[in-house]
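Below is one structure, written out as C-alpha cells; the observations come after it.
When a ligand or atom number is given, it counts from 1 through the structure's own listing order. These figures come from a predicted structure and were not determined experimentally. All residue numbers in this chain count up from 1 along the given sequence.
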Amino acid sequence: MIELLRRFGGKFRRYMVIGPACKLIEVIFDLLTPLVIAQMIDKGIGAHDVSAVVRYGMVLAAMAVIGISFTLVCQKMAALTSQGMGTDIRGALYQHINKLSYAELDRFGTPSLITRITNDVNQVQLAVALGVRMLIRWPFLAVGSMCAALAIDLKLGMIFLICTPAIGLVFWLVMAHCIPYYKQLQAKLDRIALICREGLSGARVVRAFVREGHERERFAQAADDQANTAIAVGKLSSILNPVTFLVMNLGVCAILWVGGIQVNVGELTQGQVMAFVNYMTQTLTSIVYVANLVVVFTKASASASRINEVLNCEPSITDEGNQPVALPEPGELAGGAAPVPALSLSHASFSFGAGAANAVSDVTLKLPLGKTLGIIGGTGSGKSTLVSLIPRLYDASAGSVCVMGADVRAWPLDQLRHAVATVPQRASLVSGTIRSNLTWRDGAATDEDLWAALDMAQASEFVRNKPQGLDAPVEAGGKNFSGGQRQRLTIARALVGSPQVLIMDDSASALDFKTDAALRHAIRERSVRGAAEGGLPLTTAIVSQRVSTVRDADMICVLDHGSVAGLGTHDELYASCQLYREICQSQLRCEELEGQQGSAAPASAPIASAFVCAKEGC
Ligand SMILES: Nc1ncnc2c1ncn2[C@@H]1O[C@H](COP(=O)(O)OP(=O)(O)O)[C@@H](O)[C@H]1O
Ligand SMILES: [Mg+2]
C-alpha cells in the first residue's frame with residue numbers, strides 16, 4: 001500500500017494534507033462538545049438558567065455547523081484523491097500489461113489480470129478514501145477522548161484504562177484470525193472470474209456439448225467456496241462489535257455507579273459524569289471504527305501487493321537501445337547478389353516453463369526472400385509456438401531467430417511487428433467497424449488499400465454485400481461474422497500496410513479448399529507483383545494441418561513434438577519423410593498420391609473420401 005502511495009500519491013499530496021487537516025478541526029469540535037454539554041448541564045439545567053441553556057445550545061449548533069463545513073471539504077479531498085489515484089493506477093496497470101510479453105501474460109492469466117485491474121483497484125480506492133477521511137479522525141478521537149476523560153477524574157479513569165486494553169485484546173485476537181482469510185478471498189475471486197470468462201466466452205460450445213449443468217456446477221462450487229470463506233471471516237469479525245459494545249456498556253455502568261457515589265459526596269458534578277460517559281463511548285466507538293479501518297486496510301494491502309506484483313513485473317521482451325534495421329534493397333535481388341534469407345532459425349528451442357519440455361526443439365532452417373514456408377504437423381506439435389518466435393511474441397530459450405538477416409532481439413519491436421504481419425490461429429476482431437479493424441497496421445490506409453487487401457483475402461464479396469461496406473459494424477469478438485468470414489477479415493488486416501513477411505497460423509482452416517487455394521494464389525501474385533514493382537517480394541510462412549495448403553510451398557517443415565521431422569519440398573518429403581508420407585496418405589486421394597511420383601498434383605484438389613481411400617491401402 002505504501003509503495004502504491006509513493007508511486008501514485010505524489011500528485012494528490014495537497015489533497016491528502018488538506019483533507020485530514022479539515023478532519024482534525026472537526027475532531028477538535030467533537031472533543032469539545034462533551035465539555036460544552038457538561039457546562040450546559042451544570043450551569044444551565046442544574047442552575048435552572050434557561051438563558052445559559054440557550055447560550056450553550058447556540059455554541060453547540062455553531063460548532064456543529066463549522067464541523068460539518070470542514071467535513072464536507074474533507075469528503076471532497078477524499079473523493080478527489082481516491083478517484084484520481086484509482087484512475088491513475090488502472091491506467092498504469094493497463095499500460096504496463098500491454099508491455100508484458102506473452103510469457104508474463106501466461107503466468108498471470110487473463111482473469112486474474114482483470115480482477116486486479118477492477119476489484120483490487122477498487123479495494124485500494126476505498127482504503128485511500130477512508131484513509132483521508134478517517135485515519136486521523138478515529139485514532140485522534142480515541143486518544144483525545146481518553147486524555148480529556150482522565151483530566152476530568154483519575155479514579156473514573158481507571159475504569160477506562162481497564163476497558164480499553166480489554167477491547168484491544170478482543171480486537172487483536174479477531175483480526176489475527178481474519179487477515180489470512182482476506183488474502184484467500186481475492187484468490188477465490190480470481191477463480192470465479194476465470195470460470196465466468198470460460199463459461200461465457202465458450203457459451204456456444206458449452207451448449208453444443210450440453211455442458212450447461214457441468215458449467216453451472218463448476219461455477220456454483222467456486223462461488224460456494226468463496227462464499228464459505230467470506231462467511232467464515234464474517235462470523236469471526238461479527239464477534240467484534242457485540243463484544244466491544246458489551247465491554248463498553250459494562251464500563252458505562254461502572255462509571256455511572258462510581259460516578260454516582262462521587263456526585264453524592266460532592267467530588268464530581270452530574271455534568272462531569274455525563275461528559276465522562278460521553279468520552280468513554282467516544283473512545284470505545286473509535287476503537288471499533290479503527291478495527292473496521294484495519295479490515296479495509298488489510299484487504300487493500302492484499303490488493304495492493306497483487307497490483308504491485310503486476311507493476312513490478314519487468315517485461316521479458318524489450319527493445320531498449322535497438323536501432324532500426326535496414327531492410328535489403330530490392331536492387332540487391334535484381335542484381336543477383338547473394339540471396340538474403342528472409343527468415344532464418346538456428347537451433348531455435350523454446351519451452352513454456354523452467355521444468356516444461358521443449359515446445360520447439362532445435363529448429364534450424366533458412367527461407368530466402370519472397371519464398372513460402374509451409375509448416376505442417378499434428379495438433380500440439382509446436383507449429384503455433386514456432387511461428388510466434390518470428391514476431392518475437394516469445395523469445396527463443398536457446399538458439400536464434402533472424403528476420404531479414406537481423407536477430408529479432410536486435411529489431412525495434414514496432415518495426416519488427418510492422419515488417420512481420422501475423423494472422424493468429426484464433427481469428428480475433430474487436431468491436432467497431434470493418435474499417436477500424438482493418439487499419440490496425442496502417443491507420444492511414446486508403447479505401448483502395450483496404451479493398452485490395454480484402455480482395456486478396458477473398459473477403460471483398462461479403463463486405464461489398466453489406467450496405468455500409470467498409471463501415472459495416474463489427475460486434476465484440478466479431479460475433480456477427482461467420483468463422484470463415486472472421487478468418488478472411490483477419491487475413492486482410494495482416495495484408496494492409498505492406499508487410500515484408502506474412503505468417504498465417506492455421507488461418508485458412510475455416511475456408512473451403514477453393515477459397516484457400518485462391519487466397520494462396522493471390523498472395524503469391526502479390527509477392528511477384530511487389531518484386532516487379534521494385535519492392536521487396538512477400539515472404540510467407542503458412543501453418544496448416546492440410547497437405548493441400550502447404551504442398552506448393554517452396555519449403556515445408558514437418559514438425560513432430562516440437563522437432564523437425566523433415567524439411568524440403570513436397571516431393572522430397574514424400575520420398576524421404578515417413579511422417580509426411582503418412583499425413584499425405586491420410587489426406588490425399590489415390591490419384592494425387594499416384595501423380596505424386598511424377599507430375600505435381602493440382603494445388604486445390606478436393607479430398608472428399610480421401611481418408612477411406614488411403615485407409616483401404618490405395
Ligand atoms: N501458453 C502455453 N503455456 C504452456 N504450454 C503451452 C502454451 N501454448 C502451447 N503450449 C504447449 O506447447 C505445445 C505446442 O503447442 P502449439 O504450438 O500451440 O501446437 P500446435 O500449434 O502445433 O497445435 C503443446 O504441447 C502445448 O500444450
Ligand atoms: Mg496451433
Side-chain angles (χ1 to χ4, degrees), residues 97-98 100-114 190 194 197-198 201-202 205 310 313 315-317 343 345 347-365 373-399 401 408 420-428 483-484 486-487 490-491 494 502-511 516 540-550 553 555-567 573 577 579-580 582-584 586-587:
I97 289 169
N98 273 298
L100 297 180
S101 71
Y102 270 35
E104 287 89 49
L105 295 179
D106 286 348
R107 181 155 68 79
F108 286 113
T110 316
S112 172
L113 288 173
I114 293 174
D190 275 359
L194 170 92
R197 194 184 133 92
E198 280 181 351
S201 59
V205 191
V310 178
C313 171
S316 56
I317 293 182
L343 295 178
L345 281 81
H347 303 288
S349 299
F350 177 80
S351 99
F352 279 100
N358 276 350
V360 169
S361 226
D362 199 23
V363 175
T364 298
L365 60 86
L373 169 70
I375 300 170
I376 195 165
T379 312
S381 57
K383 304 182 296 294
S384 297
T385 312
L386 178 67
V387 291
S388 63
L389 300 179
I390 300 169
R392 220 184 154 202
L393 300 178
Y394 291 108
D395 262 341
S397 345
V401 178
V408 288
V420 181
T422 312
V423 187
Q425 184 163 9
R426 246 188 73 191
S428 95
R486 269 203 298 272
Q487 277 197 334
T490 50
I491 295 169
L502 175 69
I503 297 173
M504 297 207 291
D505 185 0
D506 219 356
S507 7
S509 59
L511 305 188
D516 180 13
T540 319
I542 303 179
V543 170
S544 183
Q545 304 213 28
R546 291 182 191 163
V547 175
S548 61
T549 305
V550 297
M555 183 195 285
I556 301 171
C557 172
V558 186
L559 279 184
D560 183 24
H561 293 102
S563 303
V564 178
L567 196 62
L573 287 172
C577 175
L579 177 63
Y580 187 71
E582 281 169 12
I583 300 173
C584 289
S586 71
Q587 293 187 8

Looking at ligand 1, is there an atom of it that comes within less than 4.0 Å of some heavy atom belonging to Gly378?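 Right, Gly378 reaches ligand 1.
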Measuring from non-hydrogen atoms of Ser381 to any atom of ligand 1, is the shortest distance under 4.0 Å?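 Contact check Ser381 vs ligand 1: positive.
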If you measure from atom 8 (N) of ligand 1 to every heavy atom of Tyr394, Phe350, Phe352, which option wins on shortest distance?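 It is Phe352 whose heavy atom sits nearest to atom 8 (N) of ligand 1.
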Are Ser101 and Ser316 close enough that a side-chain donor and a side-chain acceptor fall under 3.5 Å?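 The criterion, which ignores hydrogens and geometry beyond distance, is satisfied for Ser316 and Ser101.
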Among all protein heavy atoms, pick the one closest to atom 18 (O) of ligand 1 and tell me residue, atom and distance.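 The protein heavy atom lying closest is Ser384 CB, 3.8 Å.
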Nearest-contact summary for atom 24 (C) of ligand 1 - protein heavy atom, Å: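 Its nearest protein heavy-atom neighbour is Gly380 O, 3.8 Å.
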Heteroatom proximity flag, [X] to ligand 1, N/O under 3.5 Å:
X	answer
Gly382	yes
Asp106	yes
Thr385	yes

Can you tell me if, anywhere in Gln425, an N/O/S atom lies at a distance from the Mg ion (ligand 2) that is smaller than 2.8 Å?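 Yes, since at least one N, O or S atom of Gln425 sits under 2.8 Å from the Mg ion (ligand 2).
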Within the stated cut-off of 2.8 Å, is an N/O/S atom of Ser384 closer than that to the Mg ion (ligand 2)?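 Yes, within the cut-off.
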Within a strict 4.5 Å, meaning less than it, do heavy atoms of the Val363 and Leu389 side chains meet?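 No. Closest side-chain heavy atoms not under 4.5 Å.
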Is there side-chain contact between Leu100 and Cys313, with heavy atoms separated by less than 4.5 Å?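 Yes - at least one pair of side-chain heavy atoms lies under 4.5 Å apart.
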Has the side chain of Lys383 got a donor or acceptor atom that lies under 3.5 Å from a matching backbone atom of Ile375?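 It does not hold such a pair.
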Main-chain N/O of Ser351 paired with Ser397 side-chain donor or acceptor, under 3.5 Å: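 It does hold such a pair.
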Once you round to the nearest 0.5 Å, how far does CG of Asp516 lie from CE of Met504?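 Atom-to-atom, Asp516:CG and Met504:CE are 7.5 Å apart.
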Quick one: CG on Leu502 to OG on Ser507, what's the gap to the nearest 0.5 Å?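 Those atoms lie 7.5 Å apart.
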Taking atom CZ of Phe108 as the centre, report whether more than 12 heavy atoms of other residues, nucleotides or ligands fall under 6.0 Å from it.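 Counting other residues, nucleotides and ligands, CZ of Phe108 exceeds 12 neighbours.
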Considering all protein heavy atoms, does one lie under 4.0 Å from atom 27 (O) of ligand 1?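 Given the 4.0 Å limit, the answer for atom 27 (O) of ligand 1 is no, no protein heavy atom qualifies.
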Relative to the heavy atoms of Thr379, which atoms of ligand 1 are at a distance of less than 4.0 Å?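 The list of qualifying atoms is 23 (O).
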